[in-house]
Each structure stands twice: as structure tokens, then as C-alpha cells.
Number of protein chains: 2
Amino acid sequence: MSKKATRRPPEQRRQEIVDTAVALANTLGLDRVTSRDVANELGVATGLVHHYFPTVDELVVAAFAQAATGQNEQDETACSTLPALDALRALVQRTLAMDSADARLWMSAWVAAPRRPELAREVDKQMLAALDILTGLLAKGHALGVFDAPNPTGSAVRILTLFDGFVVQLSMRSHAAYGDIHSLIWDTVEREVGLPAGSLRP
Amino acid sequence: MSKKATRRPPEQRRQEIVDTAVALANTLGLDRVTSRDVANELGVATGLVHHYFPTVDELVVAAFAQAATGQNEQDETACSTLPALDALRALVQRTLAMDSADARLWMSAWVAAPRRPELAREVDKQMLAALDILTGLLAKGHALGVFDAPNPTGSAVRILTLFDGFVVQLSMRSHAAYGDIHSLIWDTVEREVGLPAGSLRP
DNA sequence: CTCCTTGTTGAACATCTACTCAACAGCTTA
DNA sequence: TAAGCTGTTGAGTAGATGTTCAACAAGGAG
């Protein structure tokens, strides 16, 4: 932050800017990401931010895309490297391990999306990607006889809706009884894929 | 909006301002409520808004409080006038009948709360009120033998978390398969209170 | 009718923000 | 070493917002 702004290759500088924007968004929310704050945090001039991202909207979209893509990629590799049952367990665990910064990033994306068409498109894309990943996993498990999920898409929608509710509770860090919510999520997922209660929980 | 600003009794003017703020918040979100916009919409000077609400934060809190209190009061009267089963059904129905404006109001409140202590307190208060209402209803039904809800608070937390997830989906109006989500909610509530599947759905 | 309380005005100030652009300076190349 | 491409600067413009405040005027009290 107090370092001199040395000249860098464009790719790297661009990445630094996105990373800084992600960090700020995690703390303050996507709609609070400002070219000034990013520039200050990075120790560069505001003009430089606009050199790489002509409008802040583009930066915000890039920041959200990077954060969300990272999460989806984790789930994707879990799905492709682990047996279906373990993959599902890992996916639920990763969701339950989210912290309030992750939660607030998503919340702010949802709120900002209606006013930012580009962001809205990216949010849709990422939510759809998450849905596809989970749907594919459930379909695979069903085909292999590991799960009983005759309607993988419907089950995935329901599970993700529950995850969204968890994100809301998490972002509030309020009176939520996390134990109850964790139980609800494990129970619902188990029931949704036809597993005996308690058989998925680690 | 083009009407002359006639002199009014303070109570009434104050109410008009809050109502206008609620209307704006429903469209744009709580964090987009602006003294200028409220004044313009109402056809008065910006100074008048600040005369009744010295800071915009206070106006935002009042707007949210009014909107949320209205919803909770509906649920409360349902609980006190209807038999437990009907009250629960009405409560679920009212939630499923929310529109995306209602949803966005809550979403924006959740996102804005961390930066606005007064709003955070009000949001907590309203969420806790909703929790109390539902908990009371489940406890009452359990005591009367209508439900089987040995842990009313836990059940209420789980149901409300699911509602929050529904609110998120609603605010996005995206690829959500509403039919699936409605089914999930009815099923989960029925299961949570020990009712046979399908027995609560109207 | 006149006074006086008070609802109301609207301009002014300060702050924050996005975005622009001409000038500067660090690297690479000849 | 000298030249030029380009990463970088930082001041400047424009607009949105919160907040203040002295002055205005509508309606009731005397």
C-alpha cells in the first residue's frame, strides 16, 4: 500500500487490480468497490484502474466472476475426482464452511445485479454453472445407483435454494442457530437423494 | 408529484415521507433511497425531508420498519385468529406470495445492515419477531397435538432459513423453477411439523 | 386585521464518485 | 547511448448526494 508503483506487465497489473477489488468486495460488498479505494489500496493512481477497466462496472463484474469461478471450480474438481457420495459430501461441507465475507459477496451481487446488466448476466451464469454442477453430480450418482434422485434438476434447485438461505443467515451473523441450520441442510440433502438420515454427514 | 406542496400536520407529512421512502425502497432497494428522490417524488423540497428525518439513515430505518412490521403483523393476526394448522398454512402462503419487490427490500436491508448500525438493529428485531411468531405458532400447535414439533425454535429457524433462500431466488427472478421451490417449502414445513406429506398444501 | 408559530423553501457547502487526458517516466530495442 | 512504445501519473471536469440554514408564507390566536 505504501510501496512505489513500479511498472508491470499488463496481465499482472490487471490481475492485481482484480484481486484488490475482490478483497474490497469481500469486506464492503460489490457495490462499495470504488476506483479510488482500489487505487489507494494498491498504491497506484486512480487513472490506472480506469486504464485497465474503463468503467467500474467492468471491474466489479471481473471481481465477482473471479471469486465465483473459483468456488465453482473447486466443486467441479471435487465432482470429477471423487466418488459421487464423497463429492456431494465435499460440496455440502464447502458450503457450510463459507464465512460471512463470502456470504456478503454473494448478497451484494444479488442486490446490485438488477441495476447492472453485465453483473446480472455474470451472476446468472455463475448460478447456472453451480446448478449444472450439482445436477450433473446427482444425475451421475443416480445412474450409478448411489443416490435415488429421479429428478436431478429439481433436487439441485431445492438444495441450492437452501444454500442461499444459509448464505443469508451467514451474512447476518445474527441470532441464527447454526447447529440447527447445519442439521437442516444435511438432513434435506440426504432426504433429497434418498440416503438414510445421517449417512452423508461426516 | 406535480402537486403543490400544501402545508400539512406533521404526523401526516411524516407518514407521507415514510410511505414514499418505502415505495422507492421497493423499487430500488433501501440503499438507493435518497432525500432528493423522496422529495421530488413527493413534490416537496429536500430540506423538508431532513426536517422530519435529520439523517437519511433514520428515514431508511423508518421505511424498513414500517414495511417489515406490516408483514409481521399480518402473520401475527393470522396466528391469533386462525386454528394452528390454518395459521401455518396462511403463513406459508403469504411467504410464497411475495413478489420480487418485497424480496429486494429484504435483500437490500441485509446488505445495507452491516454499514448502518441502526438499520442492523431494526433488521435483527424484525427477524427475531418473525422467529418468535413462528416459534409460538409451532409450540401452540404442538401443545394442542396438531403438530409434532418438539423443538419449535429449531423448526422455526429451519423454516425461516428456507424462506430466506426463497427470497433470494425471488429477487433474482432468474432460472429458478418456482414449482420446485414451492414444493420444497411445503414438503419441508410439513415434515418439520410431523404432518403427512401434502396435508398442509391448500 | 395583525402577529406569531411553524411548516416549508431552495440555494449553498462539503464530500464522494466516475471518468478524462495531457504529460511523465520506465523498459526495450536499435 | 539514444529513441520510442507504453505503463503510469495526478490534476481536472462533471454529477450525485447529505446536510445546513436563513428566509418565506400559511393558518390559527388575539
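Throughout, protein chains are lettered first and strands after them, A, B, ... in sequence-line order, and every chain is numbered starting at 1. Owing to the predicted nature of the structure, the values given are computational and were not obtained by experimental measurement.
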Worksheet item: So, the side chain of A/E192 versus the backbone of A/S155: is there a donor-acceptor pair under 3.5 Å, distance only?
Response: no
Worksheet entry | d(CG, A/L42; P, D/dG7) in whole Å | 16 Å
Sequence neighbours excluded and cut-off under 3.5 Å, please list the side-chain donor-acceptor pairs for residues 75-82 of chain B, or say none.
residue	atom	partner	partner atom	Å
B/D75	OD1	B/R94	NE	2.7
B/D75	OD1	B/R94	NH2	3.4
B/D75	OD2	B/R94	NH2	2.8
B/T77	OG1	B/E73	O	3.4
B/T77	OG1	B/Q74	O	2.9
B/S80	OG	B/E76	O	3.2
B/S80	OG	B/T77	O	3.2
B/T81	OG1	B/T77	O	2.7

Practice prompt. Sort and list the pairs that fulfil ring pair (Phe, Tyr, Trp, His ring centres under 6.0 Å) and have at least one residue in residues 70-93 of chain A, not counting sequence neighbours.
Written response: none
Practice prompt. Name the closest nucleotide to the A/A45 side chain, picking from D/dT8, C/dT9, D/dT9.
Written response: D/dT9
Practice prompt. Not counting sequence neighbours, which residues clear side-chain contact (heavy atoms from CB on, under 4.5 Å) with B/A63? List them please.
Written response: B/A21, B/V22
Worksheet item: Once you round it to whole Å, what is the distance between C1' of C/dG7 and CD of B/E11?
Response: 14 Å
Item to complete: Take B/P9 and B/T46, find for each the nucleotide of DNA chain C with the closest heavy atom, and name the residue whose nucleotide sits nearer the 5' end.
Response: B/P9
Worksheet, complete the sentence: When rounded to whole Å, the CD1 to C1' distance for the pair B/I17 and C/dT8 reads 11 Å
Practice prompt. Give the rounded distance in Å between these two atoms: CG of B/N40 and P of D/dA16.
Written response: 12 Å
Worksheet entry | Any residue meeting ring pair (Phe, Tyr, Trp, His ring centres under 6.0 Å) with A/F166, in chain and number order, not counting sequence neighbours | A/H182
Discussion item. Going by the rule side-chain contact (heavy atoms from CB on, under 4.5 Å), which residues pair with B/A45 if we only count those two or more places apart in sequence or in a different chain?
Written reply: none
Discussion item. Once side-chain hydrogen bond (donor to acceptor under 3.5 Å, both in side chains) is applied, do any residues pair with A/N72, and if so which ones, sequence neighbours excluded?
Written reply: A/Q126
Worksheet item: Can you name the residues that form a side-chain contact (heavy atoms from CB on, under 4.5 Å) with A/R14, not counting sequence neighbours?
Response: A/Y52, A/F53
Fill in: Residues A/E41 and A/T20: side-chain donor-acceptor under 3.5 angstrom
no
Worksheet, complete the sentence: By nearest-heavy-atom nucleotide on DNA chain D, the more 5' of A/V44 and B/D57 is A/V44
Discussion item. Heavy-atom count check: over 12 atoms from other residues, nucleotides or ligands less than 6.0 Å from A/Q12 CD?
Written reply: yes
Worksheet item: Would you say a side-chain N or O of B/R13 is under 4.0 Å from OP1 or OP2 of C/dT8?
Response: yes
Worksheet item: Within this structure, what is the CZ-to-P distance between A/R14 and D/dT8, rounded to whole angstrom?
Response: 13 Å
Practice prompt. Just call it for A/Y52: base, sugar-phosphate, or nothing, with non-hydrogen atoms closer than 4.0 Å on any strand.
Written response: sugar-phosphate
Worksheet entry | B/F64: ring pair (Phe, Tyr, Trp, His ring centres under 6.0 Å) partners, not counting sequence neighbours | B/W106
Worksheet item: Side chain of B/H50: nearest nucleotide among C/dC19, C/dT8, D/dT20?
Response: D/dT20
Item to complete: Could you check how far CG of B/L59 sits from P of D/dT17, rounded to whole Å?
Response: 14 Å
Worksheet item: Where along nucleotides 21-29 of chain D does protein come under 4.0 Å, by heavy atom, of base (B) or sugar-phosphate alone (S), with - for untouched nucleotides?
Response: -----B---
Item to complete: Calculate the interatomic distance between A/R115 atom CZ and C/dA18 atom P; express it in whole Å.
Response: 13 Å
Worksheet item: Can a side chain N or O of B/H51 be found less than 4.0 Å away from OP1 or OP2 on C/dT8?
Response: no
Every protein N/O within reach of nucleotides 15-17 of chain C N/O, cut-off under 3.5 Å:
residue	atom	partner	partner atom	Å
C/dT17	O3'	A/T34	OG1	3.3

Worksheet item: Under the side-chain hydrogen bond (donor to acceptor under 3.5 Å, both in side chains) test, which residues partner A/D19, sequence neighbours left out?
Response: A/Q15, A/Q66
Worksheet entry | Degree of bending, the helix from C/dC1-D/dG30 to C/dA30-D/dT1 (end axes from five pairs; round to 10°) | 10°
